[in-house]
Amino acid sequence: MSPHDSDDGYRPDQVEAKWQARWAERHTNEPDLDRAERPFYNLMMFPYPSAEGLHVGNVFAFTGADVFGRFQRLRGKTVFEPMGFDAFGIHSENFALKMGTHPAELIPRNIANFRRQLTRMGGMFDWRHELSTTDPAYYKWTQWVFLQLYHAGKAYRKKAAVNWCPRDKTVLANEQVIAGACERCGAMVEQRFLEQWFFRITDYAERLLGNLDDPSKMDWSASTATAQRNWIGRSEGAEIEFPSDAGPIRVFTTRPDTLFGGTFLVLAPEHPLVDALTVPPWREAMEAYRKAIAARDLVSRKVGEKEKTGVFTGSTARNPATGQQIPVWVADYVLMEYGTGAIGGVPGHDERDFEFATKFRLPIVRVLAGPGETGATPLDGPAVDTEGFRLVNSGAFSELPAALGIKAIVAWLEREGHGKAQVRYRLHDWCISRQRYWGPPIPIIHCDGCGPVPVPEKDLPVVLPVIADFQPDDSGISPLARHKEWYEVACPGCGKPAHRETDVSDTFLDSGWYYLRFTSTEFDDRPFDDARVKRWLPVASYIGGNEHAVLHLLYSRFLTMVLHDQGRLAFEEPFRKFRAHGTIVKDGAKMSKTRGNVVIPDQYIARWGADTFRTYMMFLGPYEEGGDFRDEGLAGPRRFLDKVWELVQQCERATLVGNELHHAIVVKWHQTKQRVTEDLERLSYNTAIAALMELLNALRAVNCAERKIVKEFVIMLSPFAPHFAEECWERLGSKTSVFDAAWPSWDPGLTEESEMEIAVQINGKTRSKVRAVRGASEPDVVAAARRDPTVRKFTDGKELKKVVYVKDRLLNLVVG
RNA sequence: GCCGGGGUGGCGAAACUGGCAAACGCAAGGGACUUAAAAUCCCUUGGGCUUCGGCCCUUGGGGGUUCGAUUCCCCCCCCCGGCACCA
């Protein structure tokens with residue numbers, strides 16, 4: 001008979017149902033938010049409640065975060081672990097359209113399913129503070145956040161070239177365009193000119209960047225911080241003016257040292273000076289070129305063939321350094337959205353300019369030379385990698401090392417009024433307008449007399465009407481505009497007929513502040529309660545995927561900074577600690593429906609139980625790297641739990657546990673406590689579980705079921721297998737939750753054996769081992785080694801040249 | 001092209017600041033128990049030699065530093081993720 005089937009065998013389904021019910025009854029996971037003395041806000045990225053239900057990626061992420069939260073709780077913190085749903089957005093809306101069901105009907109169903117699954121996996125969630133971004137009680141405050149930005153002058157409207165997804169029929173943020181395609185649906189993104197709402201995130205570029213290097217504010221996964229740094233894309237350089245007949249042409253460059261090599265200028269096709277600069281013989285060609293570029297979608301412009309194209313304007317501008325008149329061209333390799341939309345062509349030292357100059361037969365001048373080269377050395381290609389180079393053919397600046405040349409030329413430009421040092425960012429302002437239905441309406445009313453007027457706060461929320469006809473169209477106007485009873489409204493300023501803003505806001509605005517709301521869900525008169533926020537924020541630990549490194553995680557930081565600057569928040573960084581978890585693959589391959597290798601958590605939990613599933617997920621690889629999910633692997637953790645169960649039973653039965661403990665067991669026990677604690681602190685879950693397995697194996701080997709050890713074992717296991725641990729804990733005689741127990745401490749004096757085995761190497765190769773008391777001195781160990789027959793075989797008759805001794809570990813005898 | 005993260009047994013992996021490579025688990029093989037199977041328990045398991053004492057090789061490849069390198073340095077190859085004409 002299997003121990004699974006025997007009466008006292010471990011029955012995950014029963015145990016898990018019992019403890020989930022009991023946690024709910026006892027309010028085990030509901031901390032007192034107003035009185036917690038050692039608050040620990042344990043946050044994980046709230047999911048989008050898809051119809052498919054919880055994905056393994058979610059379960060992996062949440063389990064890892066939950067393990068950490070439970071560990072903190074056992075260490076005496078009051079842990080707040082909220083959960084909510086990011087339910088607005090295009091993905092929900094598209095799915096609803098596909099199913100022919102209204103999202104308002106679909107979402108609650110999906111949320112109920114998610115809540116069930118999240119409870120089933122044993123998360124320590126405080127459901128009293130559940131939120132959904134689609135709830136008017138929530139998005140009322142999302143709209144309020146918009147208004148705060150508006151009042152702070154950080155929200156503005158402009159007609160701009162935007163990324164238009166022809167399939168989703170909406171504008172996308174730059175962050176949502178992946179290699180020229182829509183992040184959601186994969187359709188090629190087009191360029192459109194629309195009136196859009198933007199947030200001035202670029203005003204915060206320097207702070208967003210600077211705080212990344214401030215450990216007092218942020219302790220983030222290095223990969224995430226790097227991704228943000230690259231995304232913000234700070235470049236130091238200079239803005240230089242090139243006088244022309246149409247006025248000065250401003251150019252941004254990171255390489256002012258190459259100014260003397262600037263033999264032409266290139267403007268982006270959208271540059272405002274193009275018309276003024278283009279003279280008759282070239283007008284027709286220019287018009288055709290600009291039209292062709294405008295018609296082209298951003299994809300082929302950005303990622304298509306990189307063959308250079310361009311048209312001459314017929315005009316020239318003066319290079320302020322050389323005094324020469326140089327031709328002004330227009331080419332699409334210059335982007336209007338970066339820098340000034342115009343560049344100085346330096347073909348000698350820039351690959352793209354070289355290519356362009358070669359194609360259009362423009363002069364190529366060398367202005368930098370390496371050691372041993374003269375300015376006369378011909379170039380066979382652009383000299384781009386110019387470290388250790390010096391300026392040549394650069395008038396008074398010739399012979400200066402390149403780095404000094406930058407400073408000298410910038411100083412000269414500033415002195416002569418030709419330009420100035422400047423810092424530019426790749427980061428663009430955040431476009432938050434979406435011409436869709438399923439989102440919070442932007443709380444603005446457009447009045448012919450007053451212009452855009454913010455909806456008064458007392459009138460929030462601007463409720464999203466439930467309409468049957470929410471299909472988007474090609475007009476670039478939200479479906480809401482088709483609903484007059486909602487659209488037409490009196491102007492809050494003058495009272496005359498006006499109309500509502502019909503765009504809804506980006507979902508990333510919903511998720512940009514949810515961590516503030518969790519603490520205060522019961523208040524309907526304020527977005528977040530000051531006392532609560534003061535106690536619980538910034539977030540102590542945030543765990544999530546790196547796919548949000550530049551989206552959610554950047555926007556959240558920005559919004560927090562704005563609210564901080566308004567005096568509404570004491571901190572400017574919302575997430576003190578952030579860790580990115582890895583990704584799970586199945587049988588060595590990325591999971592996908594077409595491949596048919598998608599892991600459905602419900603099925604595994606039904607078969608193995610949540611505790612085994614959790615333990616396996618945390619064991620299968622390093623948490624921050626992810627790992628390979630294999631069905632065969634679950635057997636290991638399950639056998640492990642079965643053996644712990646037996647151990648607990650053995651402990652229950654034992655009326656007399658008086659056997660003295662092996663010293664080796666005591667050492668192993670203390671070592672394990674240290675290892676598990678340290679491993680959990682750094683999210684090294686797989687090795688923490690391995691350490692517990694080792695201790696279990698050691699106990700079984702000597703048939704030891706010492707009560708004190710078993711109890712501490714159960715505590716250390718509880719973050720991974722919470723229901724199982726509760727059951728064991730109860731059977732070991734406790735009336736309270738294992739999560740109210742104290743995390744075990746270890747005696748540093750007992751984490752090492754009193755006698756050590758020391759590896760003896762001869763010339764770096766391990767040849768033997770000797771035993772010595774802990775902390776033995778070098779001469780003692782050398783003496784012991786020299787008595788060892790194997791060692792003597794290698795050393796006898798040879799001269800001992802050197803001795804390397806690593807205390808308690810290794811002795812290396814170098815002989816020759 | 002640039003920026004991250006990787007490459008270690010049949011497989012997932014471990015090795016913290018340079019110090020006994022392969023812990024822990026899976027799978028496989030052998031044995032015990034059983035009428036039998038499952039479950040469980042015990043043993044073996046990086047490769048190659050072996051006179052059974054041991055010996056040699058092995059962390060993607062090549063070089064280097066060091067008494068000693070999976071770990072540090074240089075060059076190269078491959079895989080995964082992100083960015084991509086950003087001046």
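This is a predicted model, so every value here is computed, not measured. Reminder, nothing fancy here: chain letters follow the sequence lines and each chain counts from 1. Basis for what follows: all heavy atoms, side chains included, without hydrogens, waters or symmetry-related copies.
Contact annotation for A:Pro622: backbone-only contact, meaning every heavy-atom pair under 4.0 Å involves sugar-phosphate atoms and none involves a base. Residue contacts shown for A:Arg630 are limited to sugar-phosphate atoms, with no base heavy atom under 4.0 Å away. At the heavy-atom level, A:Thr790 lies nowhere under 4.0 Å from the strands shown. At the heavy-atom level, A:Phe794 lies under 4.0 Å from the strands shown only through sugar-phosphate atoms. Across all strands shown, A:Arg229 has no heavy atoms under 4.0 Å from either base or sugar-phosphate atoms.
For the pair A:Arg557 and A:Trp220, the cation-pi test (distance below 6.0 Å, angle within 45°) is passed.
Between the P atoms of B:G81 and B:G25, the separation comes to 32 Å (whole Å). Of the C1' atoms belonging to B:C78 and B:U65, the separation is 26 Å, rounded to the nearest Å. Nucleotides B:G18 and B:C11 place their P atoms 29 Å apart, quoted to the nearest Å. For B:C57 and B:G9, the C1' atoms lie 14 Å apart once the distance is rounded to whole Å. Comparing the C1' positions of B:C41 and B:U34 gives a spacing of 13 Å, expressed to the nearest Å. Using C1' as the reference atom, B:G10 and B:G61 are 23 Å apart when rounded to the nearest Å. Rounded to whole Å, the C1' atom of B:G60 lies 22 Å from the corresponding atom of B:C56. Only the P atoms considered, B:U50 is 50 Å distant from B:G4, to the nearest whole Å.
Spacing between atom CD of A:Glu337 and atom C1' of B:A84 amounts to 12 Å, rounded to whole angstrom units. Straight-line distance from the CZ atom of A:Arg426 to the P atom of B:A87: 9 Å, rounded to whole Å. As rounded to whole Å, 14 Å separates atom P of B:G5 from atom CZ of A:Arg579. Remark: P of B:C67 and CG of A:Leu800 are 14 Å apart, rounded to the nearest angstrom. If you take CG of A:Leu620 and P of B:A27, they are 15 Å apart, rounded to a whole angstrom. With rounding to whole Å, A:Glu625 atom CD is found 7 Å from B:G7 atom P. The distance between atom CD of A:Glu236 and atom P of B:A87, rounded to the nearest whole Å, is 12 Å. Distance, A:Lys643 NZ to B:A39 C1': 12 Å, rounded to whole Å.
Classified by its glycosidic torsion, B:G47 falls in the anti category, the angle being over 90° from 0. Base orientation for B:G12: anti, the chi torsion being more than 90° from 0.
A:Ser223 and A:Asn546 share a donor-acceptor pair across their side chains, judged by distance under 3.5 Å alone. With hydrogens and angles left out, the side-chain atoms of A:Tyr289 and A:Thr309 include a donor and acceptor closer than 3.5 Å. A:Asp353 and A:Tyr333 are linked by a side-chain donor-acceptor pair at a separation below 3.5 angstrom, with hydrogens and angles left out of the test.
For A:Lys765, the side-chain atoms get nearest to B:C57 when compared with the rest of B:A87, B:C57, B:A15. Picking from B:G12, B:C26, B:C83 the nucleotide with the shortest atom distance to the side chain of A:Asp628 gives B:G12. Among the nucleotides B:C83, B:A27, B:G4, the one closest to any side-chain atom of A:Ser223 is B:G4.
Screening A:Val56, A:Ile584, A:Asp587 against A:Val599 for a side chain to side chain contact (heavy atoms under 4.5 Å, CB included) leaves a single residue, A:Val56.
Two residues, A:Asp350 and A:Ala222, neighbour RNA chain B, and the one matched to the more 5' nucleotide by heavy-atom proximity is A:Ala222. Residue-to-nucleotide proximity on RNA chain B shows that, of A:Lys793 and A:Tyr425, the 5′-proximal contact is made by A:Lys793.
Taking the centre of each ring, A:Phe264 and A:Phe356 come in below the 6.0 Å mark. Here A:Phe629 and A:Tyr604 bring their ring centres to under 6.0 angstrom of each other.
Taking a cutoff of 4.0 Å between a charged side-chain nitrogen and a carboxylate oxygen, A:Glu799 and A:Lys801 do not qualify as a salt bridge. In summary, A:Glu307 and A:Lys359 engage in a salt bridge, as defined by a charged side-chain N under 4.0 Å from a carboxylate O.
Screening residues 802-812 of chain A for salt bridge (charged side-chain N to carboxylate O under 4.0 Å, His left out), with sequence neighbours left out, gives no hits.
Counting atom types as modelled, A:Lys801 pairs no side-chain N or O with a base atom of B:C67 as donor and acceptor under 3.5 Å.
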- Pairs under 3.5 Å (Watson-Crick or G-U), crossing ones as [ ], inter-strand ones as |: RNA chain B comes out as (((((((..(((......[....))).(((((.......))))).((((....))))..(((((..]....))))))))))))....

Table of protein N/O atoms under 3.5 Å from nucleotides 42-45 of chain B N/O atoms:
none

Polar atom pairs (N or O), protein with nucleotides 19-24 of chain B, under 3.5 Å:
| unit_1 | atom_1 | unit_2 | atom_2 | d |
| --- | --- | --- | --- | --- |
| B:G19 | N2 | A:Gln761 | OE1 | 3.4 |
| B:C20 | O2 | A:Lys769 | NZ | 2.6 |
| B:A23 | O2' | A:Glu694 | OE2 | 2.9 |

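Look at A:Arg767 and you won't find any side-chain N or O under 4.0 angstrom from OP1 or OP2 of B:G53. In this model, the phosphate group of B:A87 is approached by a side-chain N or O of A:Ser235 to a distance below 4.0 Å at OP1 or OP2.
At least one donor-acceptor pair closer than 3.5 Å links the side chain of A:Arg424 to the backbone N or O of A:Gly339.
Listed by chain and residue number, nothing satisfies the ring pair (Phe, Tyr, Trp, His ring centres under 6.0 Å) test with A:Trp608 (two or more places apart in sequence, or in another chain). Looking at residues two or more places apart in sequence or on another chain, you find no side-chain contact (heavy atoms from CB on, under 4.5 Å) involving A:Arg607.
Annotation: A:Arg774, atom CZ; neighbour count of heavy atoms from other residues, nucleotides and ligands within 6.0 Å is above 12.
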